[in-house]
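Comments concern the structure below.
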Amino acid sequence: MHFASMLQINATLEELDLGDTDLGTQSLIALATVLTHNSTIKSINLSRPLLYDLQEETTVHMTKMLKVNPSLKELHLGKHEMTDFGVERLCETLLVNSSLRYLDLQCNKITRDGAKHLAELLKKNTAIEILDLASNRIEDDGAVYLSEAIALHNNRLKGLAVVSNNIGAKGLVALAEAMKTNTTLSYIYIWGNKLTDAPCKAFADLLASGRLEENHTDVRPYVVDDHFYVAELFHGLRRNYYWTPSFGKDGDFICNSSLAVMGTS
């Protein structure tokens with residue numbers, strides 16, 4: 001609440017990390033309300049609050065803020081217990097938002113229906129350049145929805161994380177195929193899904209052709225007895241962990257590729 005009060009009068013602060021600080025419902029609502037008027041904050045991390053209701057009231061307030069905020073470029077809403085309902089409200093708002101470039105929705109309760117709403121948003125070619133859906137459950141259908149949007153309609157998205165989403169061969173191969181026609185998406189992270197022979201070969205082909213750079217994904221292919229497998233690399237979108245990377249040097253674009261995307265666009 002004190003940070004919300006501060007933002008009412010502060011005209012210089014551009015980045016605020018309140019992730020993992022046990023924010024409550026009222027604190028999130030207060031911050032969302034203040035950000036409807038604040039035009040200097042460009043990045044805010046509100047991940048892992050302590051929420052005790054199932055009505056997604058805080059998400060609704062965030063959508064109202066995004067509808068009028070002209071300056072916010074980066075928003076982290078990980079571990080908000082967000083469902084497909086909340087994603088739908090966000091997508092409706094982001095259709096009229098021209099500033100947000102990095103949307104972090106990792107570790108929520110988003111399924112294929114939420115992914116479908118996000119795919120419809122991507123088809124509109126909005127400002128979103130980085131989308132983090134790690135540790136949700138979009139599965140094959142959700143990955144196919146996203147693939148269709150990426151392949152045919154979107155030329156703005158540069159980074160996508162679908163780590164640990166219970167995606168099988170159908171969805172992963174669809175994402176790989178989408179990258180063949182989309183020339184803008186450069187960073188994709190897929191570890192933690194069902195990496196059987198077909199998707200492993202599909203991503204091995206992307207890497208071998210040069211369409212995907214090894215430093216821009218979190219898997220490295222290898223072959224054993226004519227079967228394709230992948231090993232995990234510690235590469236990812238991760239923006240911060242108390243403002244330092246989890247591994248490697250501070251500011252390493254390989255382990256924190258969102259720094260590279262946001263810094264060059």
- prompt: Under 4.0 Å between a Lys/Arg side-chain N and an Asp/Glu carboxylate O for Arg220 and Glu214?
  reply: yes
- request: For the pair Glu139 and Arg137, find out whether any cationic side-chain nitrogen is under 4.0 Å from an anionic carboxylate oxygen.
  value: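 Answer for the salt bridge query: yes.
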Does any part of the side chain of [Y], heavy atoms only, come nearer than 4.5 Å to the side chain of [X], both counted from C-beta?
X: Leu77; Y: Leu75; answer: yes
X: Ser47; Y: Lys79; answer: no
X: Leu118; Y: Tyr145; answer: no
X: Asn97; Y: Thr126; answer: no
X: Thr40; Y: Thr12; answer: no
X: Glu120; Y: Lys124; answer: no
X: Leu207; Y: Thr217; answer: yes
X: Ile167; Y: Ile138; answer: yes

Search all heavy atoms of [X] against all heavy atoms of [Y] and return the closest pair with its distance.
X: Ala202; Y: Ala176; answer: CB-CB, 3.7 Å
X: Asn165; Y: Asn136; answer: OD1-C, 3.1 Å
X: Gly142; Y: Ala115; answer: CA-CB, 3.6 Å
X: Ile190; Y: Leu195; answer: CD1-CD2, 3.8 Å
X: Pro49; Y: Leu28; answer: CB-CD1, 3.7 Å
X: Asn69; Y: Ser71; answer: OD1-N, 2.9 Å

When you measure from the side chain of [X] to the backbone N and O of [Y], does any donor-acceptor pair fall under 3.5 Å?
X: Asp113; Y: Asp84; answer: no
X: Asn38; Y: Leu7; answer: yes
X: His61; Y: Glu57; answer: yes
X: Thr33; Y: Ile29; answer: yes

Taking atom [atom1] of [X] and atom [atom2] of [Y], what is their separation to the nearest 0.5 Å?
X: Asn10; Y: Ser5; atom1: CG; atom2: OG; answer: 12.0 Å
X: Leu100; Y: Leu72; atom1: CG; atom2: CG; answer: 5.5 Å
X: Asn193; Y: Thr196; atom1: CG; atom2: OG1; answer: 10.5 Å
X: His117; Y: Phe85; atom1: NE2; atom2: CZ; answer: 10.0 Å
X: Met82; Y: Cys107; atom1: CE; atom2: SG; answer: 12.0 Å
X: Ile110; Y: His80; atom1: CD1; atom2: NE2; answer: 11.5 Å

Residue pairs passing the salt bridge (Lys or Arg N to Asp or Glu O under 4.0 Å) test where at least one lies in [range], sequence neighbours excluded:
range: residues 140-157; answer: Arg112-Asp141, Glu129-Arg156
range: residues 168-182; answer: Glu177-Lys180
range: residues 188-204; answer: Lys201-Asp205

message: Could you list the cluster mates of Leu50? Members are the ILVMFWY residues connected by side-chain heavy atoms closer than 4.5 Å, either directly or through other members.
response: Tyr52
field: ILVMFWY clustering at 4.5 Å (side-chain atoms), partners of Tyr229
entry: Tyr222, Val224
- prompt: Can you check side-chain contact (heavy atoms from CB on, under 4.5 Å) on Thr63 and Glu88, steps first, answer last?
  reply: CA-CA 10 Å; Thr63 62; Glu88 184 177 9; over 6 Å; no
- request: For Ile41 and Leu35, run side-chain contact (heavy atoms from CB on, under 4.5 Å): C-alpha distance rounded to whole Å, both residues' side-chain angles, the deciding distance at 0.1 Å, then the answer.
  value: CA-CA 8 Å; Ile41 289 288; Leu35 287 173; 4.0 Å; yes
message: Evaluate Thr83 against Glu56 for side-chain hydrogen bond (donor to acceptor under 3.5 Å, both in side chains), listing each step before the verdict.
response: CA-CA 8 Å; Thr83 66; Glu56 300 191 67; 2.3 Å; yes
Shared ILVMFWY cluster between [X] and [Y], side chains joined below 4.5 angstrom?
X: Val144; Y: Ile150; value: no
X: Leu237; Y: Leu233; value: no
X: Leu121; Y: Leu152; value: no
X: Ile44; Y: Met6; value: yes
X: Leu105; Y: Leu95; value: yes

- request: Just jot down the side chain to side chain donor-acceptor pair (under 3.5 Å) partners of Lys67, sequence neighbours excluded, or say none.
  value: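 Testing Lys67 for side chain to side chain donor-acceptor pair (under 3.5 Å), a comparison that skips the adjacent residues, returns none.
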- line: Exactly one of Ile128, Ile130, Ile188, Thr184 clears side chain to side chain contact (heavy atoms under 4.5 Å, CB included) with Leu157, and that residue is Ile128
message: Applying salt bridge (charged side-chain N to carboxylate O under 4.0 Å, His left out) to Glu74 and Arg101, what does each step give before you reach the verdict?
response: CA-CA 6 Å; Glu74 182 175 332; Arg101 291 160 51 195; over 6 Å; no
- request: Inspect the surroundings of CD in Gln55 and state if more than 12 heavy atoms from other residues, nucleotides or ligands are less than 6.0 Å away.
  value: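 No - once you tally the heavy atoms of other residues, nucleotides and ligands closer than 6.0 Å, there are 12 at most.
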- prompt: Does any donor atom in the side chain of Asn155 or Asn125 lie under 3.5 Å from an acceptor atom in the other side chain?
  reply: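 Indeed, the side chains of Asn155 and Asn125 share at least one donor-acceptor pair under 3.5 Å.
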- prompt: Do Glu213 and Asn215 have a side chain donor and acceptor closer than 3.5 Å?
  reply: no
- request: Apply side-chain contact (heavy atoms from CB on, under 4.5 Å) to the pair Val173 and Leu175, showing each step before the final yes or no.
  value: CA-CA 5 Å; Val173 170; Leu175 287 169; over 6 Å; no
message: Walk me through whether Leu131 and Val162 qualify under side-chain contact (heavy atoms from CB on, under 4.5 Å).
response: CA-CA 9 Å; Leu131 179 60; Val162 290; over 6 Å; no
message: Using the rule given for side-chain hydrogen bond (donor to acceptor under 3.5 Å, both in side chains), can you reason through His76 versus Asp104, listing the C-alpha separation, both sets of side-chain angles and the distance that settles it, and then say yes or no?
response: CA-CA 5 Å; His76 298 265; Asp104 174 8; 2.8 Å; yes
query: When the ring centroid of His216 is compared with that of Tyr189, is the distance short of 6.0 Å?
result: no
